[in-house]
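Values below: every heavy atom of this structure, side chains too, minus hydrogens, waters and symmetry copies. Both counts, for ligands and for their atoms, begin at 1 and track the order of listing.
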Amino acid sequence: MTDSRRALVLFSGGQDSTACLAWALDRYAHVETIGFAYAQRHLVELEARQFVLRQLRAQFPHWAPRLGLDHTLDLSLLGQISDTALTDERAIEMDAGGLPNTFVPGRNLLFFTFAATVAYRRGLSVLVGGMCETDFSGYPDCRDNALKSLQVALSLGLDTPMTVETPLMWLDKAQTWGFSAALGGEKLNALIVEHTHTCYLGDRTHRHAWGYGCGHCPACALRGRGFKAWRAHGDRPFRDTEPDAAGAAPVR
Ligand code: ZN
């Protein structure tokens with residue numbers, strides 16, 4: 001049954017947000033997308049967004065009429081308040097607090113708040129994001145309670161119900177592949193493999209079974225390991241508890 005509410009998906013062009021977009025298209029009558037440009041080292045992510053949107057429209061005609069406008073906000077000011085591997089050329093490493101230095105403090109709170117402002121203007125009342133507690137993450141603003149409290153703050157501050165949905169919150173990477181397969185079958189996972197982008201280094205030249213990437217950075221390691229586990233375990237309930245040999249940072 002279709003939910004008549006209108007949704008806005010935080011869409012980066014990566015695996016997680018593409019799975020969330022499919023979830024929203026399967027569920028809501030009208031879905032728009034929003035992406036944030038903030039001086040990422042690689043424009044690959046922003047290009048991947050457009051490929052994925054085009055392919056979703058072409059390959060899933062029953063979803064296409066629901067897929068509305070795509071919004072891109074320039075948040076380059078984040079470059080002024082962060083000094084991280086996402087926004088300069090420093091190597092990806094863990095800082096003293098155990099957080100990967102790709103951490104932009106409070107980034108998801110900012111993203112949701114900007115998204116809520118756009119949603120308000122566009123008459124959209126559901127915000128969907130791919131945040132997840134299950135894979136190791138040092139990002140406190142990805143946690144369920146942080147986002148539930150943000151939902152309350154946004155709804156009060158905008159004086160209109162604003163629901164924050166995070167369908168991947170309790171899934172690991174292997175289950176996320178299963179989640180997207182359940183929504184769009186092998187066709188959707190093939191699209192995710194081919195067109196979504198995860199690699200921190202922006203590598204689109206090396207093709208693996210799980211997609212393009214350097215194969216070595218923490219983001220590639222996590223994506224590859226989840227894909228392998230999903231292939232090995234199929235649709236059975238599965239928790240990936242294998243020790244993280246690469247010291248993988250989470251992919252967000
Ligand atoms: Zn990589």
Side-chain angles (χ1 to χ4, degrees), residues 10-21 35-53 55 78-79 82-95 98-104 107-108 111 129-139 142 168 171-181 188-232 240-252:
L10 277 62
F11 179 60
S12 70
Q15 177 191 354
D16 291 349
S17 65
T18 301
C20 286
L21 177 54
F36 304 101
Y38 56 104
Q40 286 119 324
R41 289 181 305 176
H42 307 286
L43 295 174
V44 174
E45 271 187 31
L46 293 176
E47 287 172 6
R49 297 177 78 255
Q50 300 307 321
F51 278 118
V52 172
L53 290 174
Q55 290 297 322
L78 286 188
S82 64
D83 177 24
T84 75
L86 279 181
T87 49
D88 67 22
E89 293 298 330
R90 283 170 56 180
I92 295 158
E93 56 193 22
M94 298 295 171
D95 67 18
L99 292 168
N101 68 3
T102 52
F103 180 62
V104 179
R107 186 182 66 173
N108 291 306
F111 286 174
M131 297 74 194
C132 165
E133 277 204 20
T134 308
D135 281 314
F136 166 76
S137 167
Y139 298 123
C142 285
L168 308 183
L171 304 185
D172 62 29
K173 272 283 183 239
Q175 290 171 320
T176 300
W177 287 105
F179 176 84
S180 47
L188 180 57
N189 274 11
L191 187 162
I192 289 172
V193 163
E194 199 60 35
H195 296 293
T196 68
H197 182 76
T198 297
C199 177
Y200 282 147
L201 305 182
D203 186 324
R204 295 293 294 174
T205 57
H206 297 91
R207 174 66 154 81
H208 311 266
W210 44 265
Y212 291 91
C214 71
H216 305 295
C217 77
C220 282
L222 193 60
R223 175 163 164 158
R225 201 156 45 84
F227 186 82
K228 202 170 132 195
W230 168 63
R231 282 290 192 216
D240 183 5
T241 53
E242 184 186 336
D244 192 351
V251 183
R252 298 287 172 252

| field | Over all atoms of both residues, closest heavy-atom pair of Asp203 and Thr205 | value | OD1-N, 2.7 Å
| Counting distance only, does the side-chain N/O of Gln175 pair as donor-acceptor with the main-chain N or O of Asp172 below 3.5 Å? | yes
| field | Environment of the Zn ion (ligand 1) in terms of protein N/O/S atoms, cut-off under 2.8 Å | value | Cys199 SG, Cys214 SG, Cys217 SG, Cys220 SG
| When the ring planes of Trp177 and Phe227 are compared, do they come out parallel, tilted or perpendicular, using 30° and 60° as the limits? | perpendicular
| Student check: side-chain heavy atoms of Thr198 and Trp210 closer than 4.5 Å | no
| field | Closest non-hydrogen atom pair, Thr196 against Arg223 | value | OG1-NH1, 2.9 Å
| task | Kindly say whether Cys199 contributes a backbone atom to a donor-acceptor pair with the side chain of His197 at under 3.5 angstrom? | result | yes
